[in-house]
Amino acid sequence: GELAAPIAEPEERELEAALRPKNLDDFVGQERVRKQLSLVLAASKIRGRSADHVLMSGPPGLGKTTLAMIVAAEMNAPLRISSGPAIQHAGDLAAILSSLTEGEVLFLDEIHRMSRPAEEMLYMAMEDFRVDIIVGKGAGATAIPLELPSFTLVGATTRAGLLPGPLRDRFGFTGHLEFYSVGELELVLRRSAGMLDLKLTSAGFSEIAGRSRGTPRIANRLLRRVRDWALVHGVETIDARTASAALDMYEVDVRGLDRLDRSVLEALVNKFNGGPVGLSTLAIAVGEETETVETVAEPFLVREGLLGRTPRGRIALPAAWEHLGLKMPGNAVA
Ligand code: ADP
C-alpha cells in the first residue's frame with residue numbers, strides 16, 4: 001500500500017517524472033481508456049475547441065496524472081496542476097480559474113476532497129465557463145459574474161463513487177483505470193530500464209513485475225531499489241535472483257504486499273480474529289487514515305482474494321491466514 005503513495009523525495013520525484021510516458025502511444029496498457037481518450041482528443045482537435053472535461057478514476061499510481069499531462073501535450077496546451085485538498089475555499093478555486101489561459105488543461109488531483117463551496121463554483125465553471133464571485137456577507141452580499149476562458153478539466157479520484165452526482169455528470173468522459181497485468185508491467189519496466197540504462201534478464205523483469213501490485217508507480221519504484229542493490233553489489237545484469245534478494249530486503253513480499261498491506265492483514269487476523277471489523281476501527285488499529293486503508297491497501301487485498309468486504313465489516317479470507325503463515329482458527333468467520 002504505502003509503496004503506491006506519491007513520492008516525496010525530490011530526487012526520486014525527478015526520476016519518476018523522467019519515466020512518465022509523454023504521449024498516448026508510449027502509455028502502456030489501459031487499452032479501453034486510451035482509445036476513448038484518443039477519440040475525445042481527436043474530435044476536439046477537429047472542432048478546434050478545448051476537449052471535454054475528463055475524469056480519471058482508479059487507485060494511486062495507475063497513471064491518472066500521466067494521462068492529464070498527455071491530454072495537455074496532445075492538445076498543445078499548457079497544464080495547471082492543483083488538488084482537492086489544496087482548494088479549501090471557493091476563493092482558492094476562483095483564483096486558479098481566473099488565471100487560466102484559453103484552452104489550458106487544469107488537472108485537479110483528489111478532486112473528491114474539495115470543499116463544498118468550491119465544488120459548487122466548479123459546477124458552473126465547467127458548464128458555462130463562468131463563475132460568480134461573491135463579494136460581501138449576509139444581506140449585502142453581491143455576486144459578480146466573471147467570464148472564464150474555455151479550459152479542459154481533468155479530474156482524478158481514487159474512487160469515482162466518492163464524487164457527488166452533479167460533479168460526476170459534468171465530465172464528458174470518465175476513464176476507469178484498472179490494475180495492470182504482469183505482462184503490461186514488464187513492458188513498463190522494459191521501457192524504464194532502457195531509459196535508466198539498466199540490464200535485466202527476462203526473468204529479472206518478471207520477478208519485479210510480479211511484486212508490483214499491478215501498479216506502474218510501484219514497478220518503477222521497485223526497479224530503482226533493485227538498481228541500487230545491483231550497484232552496491234556490483235551486479236551488471238539483473239536476474240531473478242538479484243531482483244528477489246533486493247526486494248526481500250525492502251520487505252516487498254512475493255505477492256507484492258508491502259508493509260501497510262501486511263499490517264492491515266495482521267491486524268485483521270491477530271487483533272480481530274479475522275473480523276468482521278469496521279473499516280475505521282481497522283484503520284485505527286494500523287495507525288492509518290481510513291481513506292488510505294480504503295483506497296490504497298484494500299482494493300489490492302480484495303483483488304488478491306486476501307480480504308473480503310461484508311455488510312458487517314472486513315474479514316480475512318483463508319488465503320490471508322495462509323499468506324501470513326498462520327492456521328485459521330475454527331471460530332473465524334471466513
Ligand atoms: P496517479 O496519478 O494515478 O497516481 P501517475 O500518473 O503519477 O499515477 O503514475 C505514476 C508513475 O507510473 C509515473 O511516473 C509513470 O512513469 C508511471 N506510469 C503510470 N502509468 C503508466 C503507463 N500506462 N505506462 C508507463 N508508465 C506508467
Side-chain angles (χ1 to χ4, degrees), residues 1-38 54-74 79-86 105-113 153-160 162-163 174-196 198 205 208-209 211-225 227 256 258 260 291-292 294-297 299-300:
E2 62 192 354
L3 279 169
I7 290 170
E9 312 81 13
E11 192 210 357
E12 290 273 298
R13 253 208 328 253
E14 251 167 60
L15 264 175
E16 172 164 271
L19 296 178
R20 269 183 212 286
K22 303 279 185 287
N23 52 54
L24 276 182
D25 290 336
D26 283 352
F27 194 86
V28 174
Q30 309 292 348
E31 216 59 48
R32 209 156 27 94
V33 172
R34 222 153 27 108
K35 275 206 192 113
Q36 294 162 336
L37 195 56
S38 142
V54 175
L55 180 66
M56 300 291 169
S57 87
L62 297 194
K64 301 183 291 296
T65 310
T66 305
L67 283 173
M69 293 178 167
I70 290 175
V71 167
E74 303 254 340
L79 175 72
R80 183 78 59 93
I81 297 181
S82 188
S83 73
V105 174
L106 172 62
F107 177 60
L108 289 184
D109 203 2
E110 297 187 79
I111 194 168
H112 59 280
R113 292 179 61 188
L153 178 68
V154 180
T157 178
T158 42
R159 278 194 27 214
L162 295 174
L163 234 57
T174 300
H176 296 280
L177 299 186
E178 315 277 350
F179 285 114
Y180 293 68
S181 69
V182 171
E184 289 168 339
L185 292 173
E186 284 177 17
L187 291 178
V188 171
L189 287 167
R190 279 180 192 278
R191 184 177 166 275
S192 303
M195 298 177 77
L196 297 172
L198 294 174
F205 280 121
I208 302 175
R211 297 193 191 205
S212 300
R213 329 157 90 249
T215 307
R217 172 179 289 138
I218 296 179
N220 283 337
R221 197 174 248 183
L222 298 185
L223 180 66
R224 294 194 295 267
R225 296 292 73 79
R227 175 194 61 169
D258 63 19
L260 173 63
E291 194 182 318
T292 307
E294 182 172 27
T295 60
V296 179
F300 175 70

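As the structure is a computational prediction, the values presented were derived from the model and not from experiment. Read the numbers this way: they start at 1 and go in the same order the structure lists the ligands and their atoms.
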Quiz question: by atom type and distance under 3.5 Å, do the side chains of Gln30 and His176 form a donor-acceptor pair?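 There is no such pair (donor and acceptor under 3.5 Å, judged by atom type) between the side chains of Gln30 and His176.
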Would you call Arg224 and Glu16 a salt bridge, taking side-chain N to carboxylate O under 4.0 Å as the test?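 No.
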Going through the distances and angles, do Glu31 and Glu178 end up as a side-chain contact (heavy atoms from CB on, under 4.5 Å)? CA-CA 10 Å; Glu31 216 59 48; Glu178 315 277 350; over 6 Å; no
So is Gly61 touching ligand 1 or not, going by heavy atoms under 4.0 Å?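 Checking ligand 1 against Gly61, which is what was asked, there is a heavy-atom contact under 4.0 Å.
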Below 4.0 Å from ligand 1: does a non-hydrogen atom of Gln30 turn up there or not?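 No.
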Donor-acceptor under 3.5 Å (Thr157 side chain, Arg159 main chain):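 It does hold such a pair.
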Min N/O separation Arg20 to ligand 1 under 3.5 Å: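 Yes - when backbone and side-chain N and O of Arg20 are compared with those of ligand 1, one distance drops under 3.5 Å.
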Proximal atoms of ligand 1 relative to [X] (non-hydrogen, under 4.0 Å):
X	value
Tyr180	20 (N), 21 (C), 22 (C), 23 (N)
Val28	22 (C), 23 (N), 24 (N)
Pro60	4 (O)
Thr66	5 (P), 6 (O), 9 (O), 13 (C), 15 (C)

Applying side chain to side chain contact (heavy atoms under 4.5 Å, CB included) between Arg20 and each of Ile70, Asn220, Thr66, report the one that passes.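 By the side chain to side chain contact (heavy atoms under 4.5 Å, CB included) criterion, Arg20 pairs with just one of Ile70, Asn220, Thr66: Thr66.
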Among Leu187, Thr215, Leu62, find the one that has a side chain to side chain contact (heavy atoms under 4.5 Å, CB included) with Tyr180.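 Result: among Leu187, Thr215, Leu62, Leu62 is the only option passing the side chain to side chain contact (heavy atoms under 4.5 Å, CB included) with Tyr180.
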Val188 contact mode with ligand 1 (heavy-atom cut-off under 4.0 Å):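 The answer is the side chain.
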Once you restrict to heavy atoms under 4.0 Å, what part of Asn220 touches ligand 1? Side chain, backbone, both or neither.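 Under 4.0 Å from ligand 1, Asn220 contributes side-chain atoms alone.
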Minimal non-hydrogen separation, Thr158 against Pro60, with atom names: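 Where Thr158 meets Pro60 most closely, the heavy atoms are CG2-CD, 4.0 Å.
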Pick, from Gly58, Pro21, Pro216, Gly63, the option with the minimum heavy-atom distance to atom 8 (O) of ligand 1.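 Selected option, by shortest heavy-atom distance: Gly63.
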